[in-house]
Amino acid sequence: MKVVVTNYNDTWNEMFKEESQYIKDILGSELIAIHHIGSTSVPGLKAKPIIDIMPVVKNIEEIDSFNEQMTDLGYECMGEFGIKGRRYFRKGKEHRTHQVHVFQVDNEKDIHRHLAVRDYLRTHPGEAKQYGELKENLARQFPNDIVAYMDGKDAFVQELERKALDWYVNTDSSL
């Protein structure tokens with residue numbers, strides 16, 4: 001997978017809204033909430049142009065019954081894909097456009113982790129700028145090596161998550 005980091009694009013939020021409506025239609029009454037997460041959800045943040053969507057559902061086990069409908073929408077169904085209690089779907093193969101990370105409502109650890117980072121970056125533009133520059137530099141350095149790109153971000157992301165979660169629990173944030 002080619003690593004491309006671009007400047008923030010105002011259309012990303014519209015892409016989220018459009019795709020999330022399709023997902024809402026599929027998940028129906030199983031869905032509790034749906035969030036735009038990841039770098040494309042942070043205005044001004046440089047990002048890989050892949051829309052990350054996080055549906056929060058009543059029962060994660062029920063999500064497997066929607067695999068055929070998600071496939072019809074163009075997604076690969078990846079199961080937990082390395083995160084226990086998640087259902088992961090990706091769209092676009094080598095030219096990925098969307099990723100869906102489904103969590104059960106009582107999985108507060110993973111839900112809060114994603115929302116905390118998003119909200120922290122939205123309210124701390126200096127950190128967002130630093131993160132965007134790191135990603136841009138890594139993409140230039142490793143344009144054809146997604147693993148090296150991810151490894152290069154790891155220490156920064158770990159520290160970002162720690163700060164974001166600490167900030168998140170001390171603010172009035174909720175689903």
List the residues meeting ring-ring contact (aromatic ring centres under 6.0 Å, His included) with His124, not counting sequence neighbours, and say none if there are none. Tyr120, Trp167
Partners passing ring-ring contact (aromatic ring centres under 6.0 Å, His included) against Phe103 (at least two apart in sequence or in another chain): His114
Examine Ile83 and Val157 and state if one hydrophobic cluster contains both, with Ile, Leu, Val, Met, Phe, Trp and Tyr joined whenever side-chain heavy atoms are less than 4.5 Å apart. yes
Those residues that, when tested against [X], pass side chain to side chain donor-acceptor pair (under 3.5 Å) (two or more places apart):
| X | answer |
| --- | --- |
| Arg122 | none |
| Gln104 | Asp106 |
| Glu136 | Lys46 |
| Asn107 | Asp110 |

State which residues pass side chain to side chain contact (heavy atoms under 4.5 Å, CB included) with Glu80; sequence neighbours excluded, sorted by chain then number. Lys84, Arg87
Residues in side chain to side chain contact (heavy atoms under 4.5 Å, CB included) with Arg162, at least two apart? Glu159
Report, one line per pair, each donor and acceptor closer than 3.5 Å where one atom sits in a side chain of residues 142-153; sequence neighbours left out.
from, atom 1, to, atom 2, distance (Å)
Asp145, OD1, Val147, N, 3.3
Asp145, OD1, Ala148, N, 3.0
Lys153, NZ, Tyr131, OH, 3.3

In chain order, what residues pass the salt bridge (charged side-chain N to carboxylate O under 4.0 Å, His left out) check against Glu133, with sequence neighbours excluded? Lys129
Considering all heavy atoms of both residues, which atom of Gly85 and which atom of Ile60 are nearest to each other, and what is their separation? O-CG1, 3.5 Å
Which side-chain N or O atoms in residues 65-74 pair as donor and acceptor under 3.5 Å with protein atoms at least two apart or in another chain?
from, atom 1, to, atom 2, distance (Å)
Ser65, OG, Glu62, O, 2.6
Thr71, OG1, Asn67, O, 2.9

Backbone of Lys2 reached by a side-chain donor or acceptor of Glu94 within 3.5 Å: no
Under the 4.5 Å side-chain heavy-atom rule for ILVMFWY, direct or indirect, which residues accompany Val169? none
Can you confirm whether more than 12 heavy atoms, excluding those of Tyr88, are under 6.0 Å from its OH atom? yes
